[in-house]
Amino acid sequence: MARYTCSFTVSVKSDHLLPLLVELLQGSQLDIQYYTGDYIIAREVPGNVPFPKLITVEVLIDKSKSTETETRMSIVIKNEELPLQLDNYCRQMFEVIKQAIESSRHWHLIESIAG
């Protein structure tokens, strides 16, 4: 199973971050499967790649460390593909979504830590 993680600190209140993330993920051709006030699961829509390559994105918003101006969140992007190559499909999608978060016009990125 391929799995990539990253943590971000962005300059937006945690209450405002969830709807912005839902919009960002939907704009990346992902279907929101589940979400609560601090957690989102989104899946890639079948049809473009084989089923083992379909990615799942999990986003956790850390409200315990949020302030009025900053919110920390972590993302995990994974699929059933074996990561036999460094530049596999899951890694490519991880980079696309990471870049979308880093360059979003809805907030200012304070910190990005890839794991």
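Each residue takes its place number in the sequence, starting with 1.
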query: About how many Å separate CD1 of Ile77 and CD of Glu95, when rounded to the nearest 0.5 Å?
result: 9.0 Å
field: Exam field: side chain Ser104 to backbone Ala100, donor-acceptor pair closer than 3.5 Å
entry: no
message: Rounded at 0.5 Å granularity, tell me how far CD in Gln26 sits from CD in Glu23.
response: 8.0 Å
message: Using the rule given for side chain to side chain contact (heavy atoms under 4.5 Å, CB included), can you reason through Leu18 versus Ile40, listing the C-alpha separation, both sets of side-chain angles and the distance that settles it, and then say yes or no?
response: CA-CA 8 Å; Leu18 183 72; Ile40 303 170; 3.4 Å; yes
- request: Look up atom OG1 in Thr9 and atom CH2 in Trp107, then write down how far apart they are to the nearest 0.5 Å.
  value: 12.5 Å
- prompt: Out of Asp62, Ile101, Asp38, which residue meets the side chain to side chain contact (heavy atoms under 4.5 Å, CB included) rule with Met73?
  reply: Ile101
field: Side-chain heavy atoms of Arg3 within contact of Val76, under 4.5 Å
entry: yes
- prompt: Any chance the side chains of Tyr89 and Glu44 put a donor and an acceptor closer than 3.5 Å?
  reply: yes
field: Lys63, NZ atom: more than 12 neighbouring heavy atoms under 6.0 Å
entry: yes
statement: Scanning both residues in full, the closest heavy-atom pair of Cys90 with Glu81 reads N-OE1, 3.3 Å
query: Is Tyr35 reachable from Leu20 through a run of I, L, V, M, F, W or Y residues, each pair having side-chain heavy atoms under 4.5 Å apart?
result: yes
- request: For Tyr4, enumerate each residue passing the ring pair (Phe, Tyr, Trp, His ring centres under 6.0 Å) test, keeping only those at least two apart in sequence or located in another chain.
  value: Phe94
statement: Distance col, row Asn48:CG vs Leu54:CG, nearest 0.5 angstrom, shows 9.0 Å
query: Is Ile75 reachable from Ile32 through a run of hydrophobic residues whose side-chain heavy atoms are each under 4.5 Å from the next?
result: yes
- request: Please assess Val59 against Tyr39 for the test side chain to side chain contact (heavy atoms under 4.5 Å, CB included), listing each intermediate value before the final yes or no.
  value: CA-CA 6 Å; Val59 181; Tyr39 186 70; over 6 Å; no
task: Look only at the side chain of Asn79 and the backbone of Lys53, and say whether a donor-acceptor pair between them is shorter than 3.5 Å.
output: yes
Between Ser11 and Glu70, a side-chain donor and acceptor under 3.5 Å: no
Distance (rounded to the nearest 0.5 Å) between Glu68 CD and Asp15 CG: 8.5 Å
field: Main-chain N/O of Val10 paired to Thr71 side chain as donor or acceptor, under 3.5 Å
entry: no
field: Donor-acceptor contact present, side-chain Thr67 to main-chain Thr69, <3.5 Å
entry: yes
statement: What one should report as the nearest heavy-atom pair of Met93 and Ile55 is CB-CD1, 3.7 Å
message: The test is side chain to side chain contact (heavy atoms under 4.5 Å, CB included); show your working for Ser74 and Cys6 and say whether it passes.
response: CA-CA 6 Å; Ser74 299; Cys6 193; over 6 Å; no
- prompt: So if you build clusters from Ile, Leu, Val, Met, Phe, Trp, Tyr with side-chain heavy-atom gaps below 4.5 Å, do Ile41 and Leu30 land together?
  reply: no
- prompt: Any ion pair linking Glu111 and Arg72 (charged N to carboxylate O, less than 4.0 Å)?
  reply: yes
Within 6.0 angstrom of Arg43 CZ, more than 12 heavy atoms from elsewhere: no
query: Should Val49 and Leu25 be counted in the same cluster of Ile, Leu, Val, Met, Phe, Trp and Tyr side chains packed under 4.5 Å apart?
result: yes
message: Checking Arg91 against Asn88 for the side chain to side chain contact (heavy atoms under 4.5 Å, CB included) test, could you report, in this order, the C-alpha distance in whole Å, the side-chain angles of both residues, the deciding distance, and whether it holds?
response: CA-CA 5 Å; Arg91 177 66 179 205; Asn88 59 64; 3.5 Å; yes
message: Nearest 0.5 Å, please: how far is CD in Gln33 from CD in Glu58?
response: 11.5 Å
message: Quick check on the hydrophobic clustering: are Leu60 and Tyr34 connected, directly or via other members, by side-chain heavy-atom contacts under 4.5 Å?
response: yes
